[in-house]
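Below is one structure, written out as structure tokens; the observations come after it.
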Amino acid sequence: MLRDACPDSWGQAVLQREHKLPAGTPPVRYLMLAGNDQRWGALAVGTSKTPSVTSLSKPRLAQLDALSRELRAMAEGRPAIVGTLRRRLVHTPSLGGARPKTTVRDDEGRSWLVKPRLGSDTADVPRLEHATRLWGTACGLSFAQTVLHSGDEFSAVRVLRFDRDGERRLMCVSAATLLQTEYPGGGPGEMSRWSYPRLAEELQRIGAPPEDRVELFGRMVFNAVCGNDDDHVRNHAVVYRAQEGRWRLAPAYDAVPNTAEMPAQLAMQLSAGRFDISRESVLADSARFGFANRDKAEHHLNELLTRIEVAFDTEETVLDPDWKGALRARAVAVLRKLRIRPA
Ligand SMILES: Nc1ncnc2c1ncn2[C@@H]1O[C@H](COP(=O)(O)OP(=O)(O)OP(=O)(O)O)[C@@H](O)[C@H]1O
Ligand SMILES: [Mg+2]
């Protein structure tokens, strides 16, 4: 859980530059240096019993464009465009993930994660992330809300933070922690712990309701159809809902189709020992997601595939025709594969 609260490669790179840290600096140093305000979940880290969680200044939604440009300049090693924004970004590197990001506050006090397009991106990744969210939501899955910002020279997606409720910081745990595994990195055999059905069992063990396991099953199938093979164990999480008094599967986030190729595998096992995208691997462990029997799981899968297919065309598109065509062709091929019953 401390690892969940620690910056990943992006935040660590920012801290390394700012504090001139040598290679091999232990993670605990990054944990201590990253501020608590933007830190993921509810943990606060510090040397006193009640570490401060307040920020000096809170970036506003109106600054999103300027912040995105500044993040991009930082990622490309260019000098500051606006010194004050650069200083703010340098001092708030605590969020996880590989891509540059920051948090802005809207007029209602809600926090949004901002992820801009980078110069090194061969595709408009923010647009793809937003389009995937629209598609996923249209087929009935629960996603963190997104808003696309696009101008002539840049695009960025903002994602509603599920670990905040106004000023309140909500407890969160990643799937990496629930599965007691590491990502990125880890030793040989680490991948044997990356598993959807195991995660489903963990959801049950921590008291999440049965529908969360069915939702997880749906996300696994959706990731297969849309080609999101970056569905690793830090891209799933649970959040504690105090009103309900229990842990719940957090909304889906960071779902982006692979921009280079149509993946044949997912990052987590769909059933024991199987990463491959096929009807059999989707269904083999369906009991662990709570389906009473194979017939019920097959019925659910068939309906889900129809919903995913219909949603692709009904959802208001934000993709350009090339991408829309490519994703449709990909979806058609995977849907066919997932519908065929083995002889
Ligand atoms: N909507 C959200 N609400 C709260 N926390 C989030 C949300 N989206 C992402 N996070 C947290 O921030 C981390 C980084 O975000 P995200 O996965 O979107 O970034 P990324 O840089 O694209 O990641 P990756 O390294 O997987 O490519 C996540 O691992 C998760 O802990
Ligand atoms: Mg991620």
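Whatever order the structure lists ligands and atoms in, that order sets their numbers, starting from 1.
Between His236 and Tyr196, a ring centre-to-centre spacing shorter than 6.0 Å is recorded.
At a threshold of 4.0 Å, the pair Lys101-Glu129 does not count as salt-bridged, since none of the basic side-chain nitrogens sits closer than that to a carboxylate oxygen.
The closest approach between Glu129 and ligand 1 stays at or above 4.0 Å for every heavy atom of the residue. Heavy atoms of Arg164 stay at 4.0 angstrom or farther from ligand 1.
Geometrically, ligand 1 and Leu160 share a nitrogen or oxygen pair separated by less than 3.5 Å. Inclusion of Gly97 in the set of residues having an N or O under 3.5 Å from an N or O of ligand 1 is not warranted.
Taking a cut-off of under 4.0 Å to the non-hydrogen atoms of Gly96, the atoms of ligand 1 that pass are 13 (C), 14 (C).
Around the Mg ion (ligand 2), protein N, O or S atoms at a distance under 2.8 Å total 2; waters are neither shown nor counted.
In the candidate list Phe162, Trp112, Tyr253, Phe143, Tyr253 is nearest to atom 30 (C) of ligand 1, counting heavy atoms. By heavy-atom distance, the residue among Arg234, Lys115, Gln38, Lys101 lying nearest atom 22 (O) of ligand 1 is Lys115. Between atom 11 (C) of ligand 1 and the options Tyr183, Trp40, Trp10, the minimum heavy-atom separation is to Trp40.
Partner Arg60 forms a salt bridge (charged side-chain N to carboxylate O under 4.0 Å, His left out) with one of Asp106, Asp107, Asp65 and no other, that one being Asp107.
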